[in-house]
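Please read these numbers as outputs of a predicted model, since none were measured by experiment.
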Amino acid sequence: MLIGSGYGVPGIMASRTIENDRNRKITIMTTTFVPCGAKIPIIALISAALFGNAWWVAPSAYFIGITEIICSGIILKKTKLFAGEPVPFVMELPASHMPTVGNVLLSMWERAQSFIRKAGTIILLSSILIWTGSCFGIVDGSFDFNPDMELEASVLRMLGSTVSILFMPLGFNNVKATISTIMRLVAKEEVVGVFGVPDFEEMTQIFAYLFRIFNLLCLPCFAAMGAIKREMNNIKWFLLAIGYQCGLVYIVSLCIYQIGMLLSEGVFGIGTVAAFLLIIGFVYLLVRPYKESNAFDMRIHTKAMAK
């Protein structure tokens, strides 16, 4: 988790040190909830543009991410997929030696080459697709290519208008918000590039805070998703991890928006009822008894290890 606060890819790869398969999978599924360095521009811009650099805005992003990790661990551990005897984590450290310059450089080269080859190809391909969508569109009534095309006329805008229907219960009635959410899959900094400071200043505080939470907790970038797929080494587990992250952030965002609108503007509707029902269900999953496994017994574990 600490490594993931710098960048999600090495944080996900660091889960290899966890021997228990269930715990390792849970860690992979939740590591990217920690805001990484690429998410800092989103946090900083919204904090400055709408909250007057309030001291609590940036720290709250990290506390929300940590809360999501803790709650996810509790809930997932109570499901049949991850149930089982708790296993202690013991890392056996090798003998310490002064590293040689040659070994350090060789190790750096091997890891850098692996990252560029695997993660870099995903970033390059996704960047090409996003660039293509932003450069093709309707120009003077005909479909044409223009590197300097306005975003409003591009294929990316058409895609954003279509997908924005899914975000209506979350208050994402701004097409740019949908487009930036799509482009953040390449890199989180793209959110700032799509909106710009003036557009952020036109947002309400509720929408801006919700937009920030959604982009902090939703799917990581393509490179991190590639790392999740490699570490899971199973397409079903990969899809489960992606589905869980999408479903959780959608529920959290829905609850925040609907209850926020109720408290600030007195708006009450089907979405508000759904939000309260989801909160009740979420609390139940957190507090329900853990029946799948007994408490860890060190004596039993010691005997098993001895055998």
Side-chain angles (χ1 to χ4, degrees), residues 22 25-35 39 42 46 50 56-57 60-83 160-175 177-178 180-182 184 203-220 236-293:
R22 297 187 302 272
K25 285 184 168 64
I26 292 178
T27 304
I28 294 172
M29 293 173 65
T30 58
T31 293
T32 54
F33 287 150
V34 176
K39 298 176 183 178
I42 305 175
I46 292 180
L50 285 162
W56 57 271
V57 178
S60 67
Y62 288 87
F63 284 115
I64 290 173
I66 293 170
T67 301
E68 288 296 322
I69 292 172
I70 295 173
C71 293
S72 294
I74 295 172
I75 292 174
L76 292 174
K77 196 64 177 177
K78 293 180 180 181
T79 63
K80 293 182 178 180
L81 285 175
F82 299 99
S161 300
T162 304
V163 179
S164 62
I165 299 174
L166 299 175
F167 298 108
M168 288 182 63
L170 312 183
F172 281 24
N173 51 0
N174 188 320
V175 177
T178 306
S180 63
T181 301
I182 296 173
R184 62 173 281 284
M203 292 182 180
T204 63
Q205 288 187 339
I206 293 178
F207 178 82
Y209 197 82
L210 171 65
F211 180 77
R212 187 190 68 163
I213 290 176
F214 187 89
N215 281 279
L216 293 182
L217 300 181
C218 195
L219 292 176
K236 292 183 179 179
W237 277 105
F238 168 71
L239 294 176
L240 177 64
I242 298 301
Y244 176 78
Q245 292 177 352
C246 291
L248 181 62
V249 70
Y250 195 92
I251 291 172
V252 172
S253 301
L254 174 66
C255 293
I256 292 175
Y257 175 72
Q258 295 295 337
I259 295 176
M261 292 297 292
L262 175 64
L263 296 177
S264 62
E265 301 183 16
V267 178
F268 186 89
I270 297 177
T272 312
V273 176
F276 280 111
L277 291 176
L278 288 171
I279 291 175
I280 293 172
F282 189 77
V283 172
Y284 168 74
L285 292 175
L286 281 175
V287 302
R288 68 171 179 156
Y290 182 57
K291 299 178 180 180
E292 289 80 6
S293 175

>> I'd like to check the side chain to side chain contact (heavy atoms under 4.5 Å, CB included) partners of Thr272; sequence neighbours left out, ordered by chain and number.
In response: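 So Thr272 forms a side chain to side chain contact (heavy atoms under 4.5 Å, CB included) with Gln258, Leu262, Phe268, Phe276.
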
>> The criterion is side chain to side chain contact (heavy atoms under 4.5 Å, CB included); which residues satisfy it with Leu239, sequence neighbours excluded?
In response: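 Scan of Leu239 (side chain to side chain contact (heavy atoms under 4.5 Å, CB included), adjacent residues dropped) gives Ile235.
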
>> Would the distance check show the side chain of Tyr250 and the main-chain N or O of Leu166 forming a donor-acceptor pair, the cut-off being under 3.5 Å?
In response: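 Yes, because the side chain of Tyr250 sits within donor-acceptor range (under 3.5 Å) of the backbone of Leu166.
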
> Between Gln245 (side chain) and Leu217 (backbone), is there a donor-acceptor pair under 3.5 Å?
Replying inline: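 Answer holds: no.
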
> Should Lys77 and Arg22 be marked as a side-chain contact (heavy atoms from CB on, under 4.5 Å) after you check the CA-CA gap, both sets of side-chain angles, and the distance that decides it?
Replying inline: CA-CA 9 Å; Lys77 196 64 177 177; Arg22 297 187 302 272; 3.9 Å; yes

Less than 4.5 Å apart, side chain to side chain, heavy atoms only: is that true for [X] and [Y]?
| X | Y | value |
| --- | --- | --- |
| Ile26 | Ser72 | no |
| Leu285 | Lys78 | no |
| Leu81 | Leu240 | yes |

>> Test side-chain contact (heavy atoms from CB on, under 4.5 Å) on Phe282 and Ile75; report intermediate values, then the result.
In response: CA-CA 9 Å; Phe282 189 77; Ile75 292 174; 3.5 Å; yes

[X] side, atom [atom1]; [Y] side, atom [atom2] - distance, nearest 0.5 Å:
| X | Y | atom1 | atom2 | value |
| --- | --- | --- | --- | --- |
| Phe238 | Ile242 | CZ | CD1 | 4.5 Å |
| Lys39 | Thr32 | NZ | OG1 | 6.0 Å |
| Lys25 | Thr27 | NZ | OG1 | 11.0 Å |

Heavy-atom pair of closest approach, residues [X] and [Y]:
| X | Y | result |
| --- | --- | --- |
| Val249 | Ile213 | CG2-O, 4.2 Å |
| Leu248 | Glu68 | CD2-OE1, 3.0 Å |
| Leu216 | Ala61 | CD1-CB, 3.5 Å |
| Cys255 | Ala275 | SG-O, 3.6 Å |
| Ser60 | Tyr209 | OG-OH, 2.8 Å |

>> Before you tell me yes or no, could you show the steps for Phe214 and Leu170 under side-chain contact (heavy atoms from CB on, under 4.5 Å), namely the whole-Å CA-CA distance, both residues' side-chain angles and the distance that decides it to 0.1 Å?
In response: CA-CA 9 Å; Phe214 187 89; Leu170 312 183; 3.8 Å; yes

> When you look at Leu76 and Tyr244, which way does the side-chain contact (heavy atoms from CB on, under 4.5 Å) test go after all the steps?
Replying inline: CA-CA 10 Å; Leu76 292 174; Tyr244 176 78; 3.9 Å; yes

>> Using a 6.0 Å cut-off, check whether atom CG of Leu263 has over 12 heavy atoms from anything other than its own residue.
In response: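 Yes, enclosed.
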
